**Student:** 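Before I ask anything, here is the structure I am working with.
Not measured: the values here are computed from a predicted model.
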Amino acid sequence: MLRAFVNAFKIPDLRGKILFTLLMIAVYRLGSHVPVPGVDIGRLQDLSSGQGGGFLSFIDLFSGGALTNMAIFALGIMPYITSSIIMQLLTVVIPKLEQWQKQGEVGIKKITQWTRYMTVTLALLQSTGLVFLFKTQFQIIPDEKFTAPRIALIVLTLTTGTALIMWMGEQITQRGIGNGMSILIFASVISTLPAEGAAILSQAGGVAFTLILALGLGLIFAVVFMEQGQRRIPVQYAKRVVGRRMTAGGSTYIPLKVNQAGVIPIIFASSVLYFPSLLASAVHWEWFQNLVNNHLASPRSPVYMVVYGLMVVFFAYFYTAISFNPVDTADNIRKYGGFIPGIR
């Protein structure tokens with residue numbers, strides 16, 4: 001593995017992709033520490049470890065600490081994830097979107113463009129909600145600075161930051177090593193590990209730190225082992241004549257992964273559970289706020305665990321049905337003269 005990593009830097013094309021990806025990650029982390037104008041950063045950092053920690057920590061996880069700093073990337077990648085969920089749900093419901101999906105690259109570009117529009121719209125709504133939440137509930141914006149022009153500036157800054165994150169993710173996918181959005185999410189999550197590891201080491205001691213580290217490495221190994229697991233369905237192709245050429249038959253396989261949906265269901269479920277917390281900050285219904293604060297926004301609540309688990313299972317089925325369509329796969333195999341041995 002180390003030899004392959006070293007050899008990657010010897011190939012100019014791969015070296016350029018890796019360095020470009022690292023540059024985008026560096027810009028992303030830099031933007032997570034540049035605060036928006038007119039916000040009391042010290043007050044927000046105190047709240048992140050105090051009474052507001054439960055709600056803020058969830059969003060802070062996907063923004064890599066940018067929310068704690070009220071940085072230009074405070075919204076993180078969440079608006080894009082949410083818009084992607086909505087577009088995938090609408091693809092099943094709206095025939096026009098389903099038609100675009102079957103058009104190939106041209107249709108995918110149209111869906112991607114509408115996903116971008118929806119991301120900017122959601123970023124506007126979420127940034128506006130967060131500004132009023134921070135002012136009314138957390139008091140991090142001074143009264144003399146809470147004016148219409150300053151609110152518009154903060155909302156515009158947060159929305160632009162989200163659009164820039166979306167652009168960087170797409171650039172990593174096109175010009176970097178691929179999977180840009182997943183890499184940015186990964187960078188956000190692991191950015192807090194050094195501080196958390198230092199806190200565990202200082203509070204629990206070396207023995208507990210070693211056990212937790214071993215448990216974490218074991219979980220990573222188990223996740224990778226399950227992610228690589230697949231069942232290979234053999235497919236054979238007969239010889240056929242294309243024009244004046246005879247194409248030779250061959251054998252290949254369909255890789256049916258054990259975990260077809262990957263980590264997407266967990267991200268989808270987390271983003272859906274984020275909406276009640278954001279809605280509770282804007283709707284001043286006491287019963288709804290109590291429901292959200294005591295159950296839907298508390299990871300230790302049994303209601304939260306049950307709802308979260310059911311959503312993960314639902315999105316796993318849903319995303320697998322979207323990413324792997326047995327009917328389309330069978331049509332493609334038949335179109336190119338293939339068959340599964342022993343099955344018609």
**Student:** If hydrophobic clusters are built by linking Ile, Leu, Val, Met, Phe, Trp and Tyr wherever their side-chain heavy atoms come under 4.5 Å apart, do Ile72 and Leu156 end up in the same one?
**Tutor:**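 Hydrophobic grouping puts Ile72 apart from Leu156.
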
**Student:** Looking only at non-hydrogen atoms, find the nearest pair between Gly31 and Ala71 and report the distance.
**Tutor:**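 The pair with the smallest heavy-atom distance is O-CB, 3.3 Å.
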
**Student:** State plainly whether one hydrophobic cluster holds both Phe186 and Leu193, where clusters connect Ile, Leu, Val, Met, Phe, Trp and Tyr through side-chain heavy atoms under 4.5 angstrom apart.
**Tutor:**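 Yes, Phe186 connects to Leu193 through the hydrophobic network.
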
**Student:** Please report the closest heavy-atom contact between Thr157 and Pro37, naming both atoms and the distance.
**Tutor:**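 Closest pair (atom of Thr157, atom of Pro37, distance): OG1-CD, 4.5 Å.
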
**Student:** Tell me every residue that passes side chain to side chain contact (heavy atoms under 4.5 Å, CB included) with Ile264, counting only those two or more places apart in sequence or in another chain.
**Tutor:**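 Result, side chain to side chain contact (heavy atoms under 4.5 Å, CB included) vs Ile264: Phe268, Tyr319.
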
**Student:** Can you check side chain to side chain contact (heavy atoms under 4.5 Å, CB included) on Phe73 and Leu164, steps first, answer last?
**Tutor:** CA-CA 9 Å; Phe73 291 162; Leu164 183 58; 3.7 Å; yes

**Student:** More than 12 heavy atoms of other residues, nucleotides or ligands under 6.0 Å from CZ of Arg175: yes or no?
**Tutor:**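 Counting neighbours around CZ of Arg175, 12 or fewer heavy atoms of other residues, nucleotides or ligands fall under 6.0 Å, so no.
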
**Student:** Side chains of Ile343 and Phe339: closer than 4.5 Å at any heavy-atom pair?
**Tutor:**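 Not in contact.
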
**Student:** Where is the tightest heavy-atom contact between Ile165 and Leu184, given as atom of each residue plus distance?
**Tutor:**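 The pair with the smallest heavy-atom distance is O-CD1, 3.7 Å.
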
**Student:** Using 0.5 Å steps for rounding, measure from the CG atom of Leu75 to the CG atom of Leu122.
**Tutor:**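 Leu75 atom CG to Leu122 atom CG measures 10.0 Å (nearest 0.5 Å).
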
**Student:** Can you measure from CD1 (Ile77) to OG (Ser84) and round to the nearest 0.5 angstrom?
**Tutor:**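 If we round to the nearest 0.5 Å, Ile77:CD1 and Ser84:OG are 8.5 Å apart.
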
**Student:** Would you mind reporting whether Ile177 and Ile183 have side-chain heavy atoms less than 4.5 Å apart?
**Tutor:**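 Result yes, sub-4.5 Å side-chain heavy-atom pair found.
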
**Student:** Specify the closest pair of heavy atoms between Gly262 and Glu227, including all atoms of both residues, with the distance to one decimal.
**Tutor:**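 It is CA-OE1, 4.1 Å.
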
**Student:** Cluster partners of Leu30, using ILVMFWY side-chain heavy atoms under 4.5 angstrom, listed by chain and number?
**Tutor:**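 Its cluster mates, by chain and number: none.
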
**Student:** Take Leu23 and Leu19, measure what side chain to side chain contact (heavy atoms under 4.5 Å, CB included) needs, and give me the verdict at the end.
**Tutor:** CA-CA 6 Å; Leu23 176 62; Leu19 293 178; over 6 Å; no

**Student:** Please step through side chain to side chain contact (heavy atoms under 4.5 Å, CB included) for the pair Tyr28 and Met24, ending with a clear verdict.
**Tutor:** CA-CA 6 Å; Tyr28 176 62; Met24 289 292 100; over 6 Å; no

**Student:** So, taking the atom named CD1 in Ile94 and the one named CE in Met87, what distance separates them when rounded to the nearest 0.5 Å?
**Tutor:**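 Atom-to-atom, Ile94:CD1 and Met87:CE are 7.5 Å apart.
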
**Student:** Output side-chain donor-acceptor pairs under 3.5 Å for residues 197-215, partner residues at least two apart or in another chain, one line each.
**Tutor:**
unit_1, atom_1, unit_2, atom_2, d
Ser202, OG, Ala198, O, 3.1
Ser202, OG, Ala199, O, 3.0
Thr210, OG1, Gly206, O, 2.8

**Student:** Kindly indicate, with the supporting measurements, whether the criterion side chain to side chain contact (heavy atoms under 4.5 Å, CB included) is fulfilled by Val120 and Thr162.
**Tutor:** CA-CA 8 Å; Val120 174; Thr162 300; over 6 Å; no

**Student:** For Tyr304 and Tyr308, take the angle between the two ring planes, folded into 0 to 90°, and tell me which bin it lands in: parallel under 30, tilted 30 to 60, perpendicular over 60.
**Tutor:**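 The arrangement is parallel - the two ring planes meet at less than 30°.
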
**Student:** Of all heavy-atom pairs between Val93 and Pro95, which one has the smallest distance, and what is that distance?
**Tutor:**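 It is O-CD, 3.4 Å.
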
**Student:** More than 12 foreign heavy atoms under 6.0 Å from CG of Asn179: is that the case here?
**Tutor:**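 12 or below, so no.
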
**Student:** Indicate yes or no: at least one non-hydrogen side-chain atom of Val223 is less than 4.5 angstrom from one of Asn259.
**Tutor:**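 Sidechains of Asn259 and Val223: no contact.
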
**Student:** How far does OG1 of Thr21 sit from CD of Gln171, to the nearest 0.5 angstrom?
**Tutor:**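 Answer for the OG1-CD pair, Thr21 versus Gln171, is 11.0 Å.
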
**Student:** Going by atom type alone, with no hydrogens or angles, which donor-acceptor pairs under 3.5 Å involve a side-chain atom of residues 228-235 and a protein atom two or more places apart or on another chain?
**Tutor:**
unit_1, atom_1, unit_2, atom_2, d
Gln230, OE1, Arg232, NE, 2.9

**Student:** Working to the nearest 0.5 angstrom, can you tell me the gap between Ile185 CD1 and Met78 CE?
**Tutor:**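 These two atoms lie 8.5 Å from each other.
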
**Student:** May I ask you to list the residues sharing a hydrophobic cluster with Ile11, side-chain cutoff 4.5 Å, ordered by chain and number?
**Tutor:**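 Besides Ile11, the hydrophobic cluster comprises Leu14, listed by chain and residue number.
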
**Student:** Taking everything shown except Met226 itself, do over 12 heavy atoms lie less than 6.0 Å from its CE?
**Tutor:**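 Open.
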
**Student:** Can you list every side chain to side chain donor-acceptor pair (under 3.5 Å) pair that touches residues 108-118, not counting sequence neighbours?
**Tutor:**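 For residues 108-118: Gln113-Arg116, Gln113-Tyr117, Arg116-Glu170.
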
**Student:** Please check if Leu125 and Met118 belong to a single hydrophobic cluster, counting links between Ile, Leu, Val, Met, Phe, Trp and Tyr side chain heavy atoms closer than 4.5 Å.
**Tutor:**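 Leu125 does not cluster with Met118.
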
**Student:** Does one hydrophobic cluster hold both Val263 and Ile81, with members joined at side-chain heavy-atom distances below 4.5 Å?
**Tutor:**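 Cluster IDs for Val263 and Ile81 match.
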
**Student:** Looking only at heavy atoms, what is the nearest atom pair of Met311 and Ala269, with distance?
**Tutor:**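 That closest heavy-atom pairing would be CB-CB, 3.7 Å.
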
**Student:** Under a 4.5 Å side-chain heavy-atom rule over Ile, Leu, Val, Met, Phe, Trp and Tyr, are Tyr80 and Val27 clustered together?
**Tutor:**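 Same cluster.
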
**Student:** What's the separation between atom CD1 in Ile25 and atom CZ in Phe20, rounded to the nearest 0.5 Å?
**Tutor:**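 So the gap between those two atoms works out to 11.0 Å.
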
**Student:** Report the residue from Ile151, Leu158, Ile154, Val155 that forms a side-chain contact (heavy atoms from CB on, under 4.5 Å) with Thr128.
**Tutor:**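 With Thr128 as partner, side-chain contact (heavy atoms from CB on, under 4.5 Å) holds for just one option, Val155.
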
**Student:** Is it true that, when you exclude Phe324 itself, more than 12 heavy atoms of the residues, nucleotides or ligands shown sit nearer than 6.0 Å to its CZ?
**Tutor:**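 More than 12 within 6.0 Å, yes.
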
